[in-house]
Amino acid sequence: SGDSGGDLDLTVTGYCDVTGTLALNTSTVSVAALRTNSGAAVTQDATGTLALATGSNFGGSEGATYAWRNTDGTSDINLGGTLTNTGGSYFEPRTAPDYASVVNNVVWDNTAYWVGKMTFGGTLVVNVHKGMQTYNGSKDCIVNGDVTLNGQLQALGNNVNNMTFKSLTINNTGTYEATSGTTTVDQGSTYVLRNLGTYTHNSGTLKVARSSASGTRFLELGSAAIHKLVIDGSATNAAVAFVGVVNCANDLEVTNGQFQAYGGSGDVTIDGDVTVSNSSVFRTQTNQLAAGGVNATLGSLTINSGATYNATPLTTTITAETASHAWKNDGGTFTHNSGKVKIFDADGTVMGSTSVKETTFYDLEMSLFANTMTCSFFDADGSNAVTILNNLDITKGEMEFSTASDTITIHGLTKITSNGAFSDNAAHDTNKIIHNGLVTNEGTYNINDNTTVKMNGGIRNLGTITVK
């Protein structure tokens with residue numbers, strides 16, 4: 001018809017039912033719906049586009065309307081360009097490796113259910129006011145490229161356990177209803193996840209699994225809480241910097257990688273346990289902020305062998321415990337950066353009496369729920385010494401030391417309020433407790449009979465000194 005060559009565009013207002021070979025090449029093609037039957041072969045070049053415009057029940061042969069119905073899992077189907085889903089109630093591509101079809105980029109311009117497990121080799125975009133939804137026939141979804149949500153992606157479903165994306169961007173009109181299993185994000189060019197819209201965690205896990213340690217990638221969770229966060233990349237030096245605040249309703253596990261503050265970071269609140277393992281680093285300190293870091297509130301903290309907590313120069317608050325420890329350094333590294341650690345129990349339901357395993361603090365405050373509750377301290381490195389380089393505040397509760405022969409040194413001020421008690425067990429060896437600053441006692445200071453306590457800065461006693 002006068003065309004000198006090349007691929008022509010094609011628009012079919014009805015459905016396309018394929019049993020033979022359909023070569024789309026680089027054409028712009030639109031059909032009402034696509035059904036690929038046994039033996040079908042459909043190919044598309046990287047620059048080609050295919051729009052599934054309205055959906056169809058294929059002349060009443062299907063019980064519902066489909067954008068794409070692939071009934072043969074061994075078909076030779078390779079859509080290397082962009083597929084746009086605009087109509088129909090169901091989308092069933094039967095992609096490799098579970099079946100055989102290959103799909104690259106997908107634009108979801110429809111509100112419809114996906115069928116089975118899907119793997120896309122390229123990107124996924126869900127348009128504004130549209131929804132990618134689950135039902136009992138929906139299974140896991142893997143997108144090897146970037147996912148952009150301007151509409152809704154609902155991943156909560158009875159048979160959806162894992163959602164895997166190269167990166168996830170939730171724009172201001174976008175919503176991600178997470179699986180109750182695990183959502184994994186990998187790399188992205190800048191962000192592994194950027195939430196400017198709505199992220200509903202549904203008690204699921206968000207896992208950042210960087211496949212490369214090159215450069216720093218950013219994680220922006222927004223103001224809403226996620227459930228559990230896992231940093232587990234290919235290397236312990238794979239850096240993930242958090243943007244804005246971090247709110248976790250459950251645990252944070254830094255298993256493989258660096259989870260760190262930077263100039264755009266806000267405060268960190270983890271209601272559950274924080275565990276840093278292997279040679280990984282959790283860092284709430286940064287020279288990019290004028291304050292030197294961000295405040296961190298953690299349920300409990302465990303620093304496993306080889307791991308590091310590089311602390312904020314502001315305050316790290318511990319609000320709960322795990323395995324009878326509010327804080328446990330089990331062969332790792334704690335870098336205090338002249339910051340404060342506060343052991344704080346607000347209601348007595350998640351901590352009670354507890355233990356702290358650490359060798360050196362800068363500033364330390366202990367405030368338990370009741371003045372009869374105890375916090376027992378012991379060293380983490382076998383040095384038989386616990387050192388507080390600056391001030392100690394016992395606001396509420398009883399501070400004790402688990403090993404009588406340990407040397408306890410407080411270089412700065414010691415303040416014991418009316419609800420506090422120092423050395424509750426009063427069984428320490430002589431000359432092993434050393435105060436180099438002034439001791440102000442408004443509560444109870446316990447001393448073992450025949451034990452010498454060094455108060456090199458003096459004592460101002462407004463409370464009780466009890467010799468046991």
Between [X] and [Y], does the ring centroid distance fall short of 6.0 Å?
| X | Y | result |
| --- | --- | --- |
| H325 | F378 | yes |
| W114 | Y90 | no |
| F361 | W327 | yes |
| H336 | Y309 | no |

Under a 3.5 Å distance rule, please check whether N202 uses its side chain to pair with a backbone N or O of G204 as donor and acceptor.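 No, N202 side chain to G204 backbone: no donor-acceptor pair under 3.5 Å.
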May I ask you to check whether [X] and [Y] show a side-chain donor-acceptor distance below 3.5 Å?
| X | Y | value |
| --- | --- | --- |
| T255 | D232 | no |
| T175 | Y199 | no |
| Q154 | T134 | yes |
| N329 | E358 | yes |

Side chains of residues 119-131: which donor-acceptor pairs under 3.5 Å do they make with residues two or more places apart or in other chains?
from : atom 1 : to   : atom 2 : distance (Å)
T123 : OG1    : N105 : OD1    : 3.2
N127 : ND2    : D109 : OD1    : 3.1

Sorted by first residue and then second, give each ring-ring contact (aromatic ring centres under 6.0 Å, His included) pair with at least one member in residues 222-251; sequence neighbours left out.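 Found H201-H227, F242-F259.
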Salt-bridge contact K117-D98 (side-chain N to carboxylate O under 4.0 Å):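 Judged by the 4.0 Å cut-off on N to carboxylate O distance, K117 and D98 do form a salt bridge.
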Of all the heavy-atom pairs spanning A326 and T354, show the shortest one and how long it is.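 Answer, listing the atom of A326 first, then T354: N-OG1, 3.1 Å.
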Test ring pair (Phe, Tyr, Trp, His ring centres under 6.0 Å) on F401 and F422; report intermediate values, then the result. CA-CA 10 Å; F401 307 98; F422 181 86; 5.6 Å; yes
Quick one: list whatever passes salt bridge (charged side-chain N to carboxylate O under 4.0 Å, His left out) with R210, sequence neighbours left out.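 Scan of R210 (salt bridge (charged side-chain N to carboxylate O under 4.0 Å, His left out), adjacent residues dropped) gives none.
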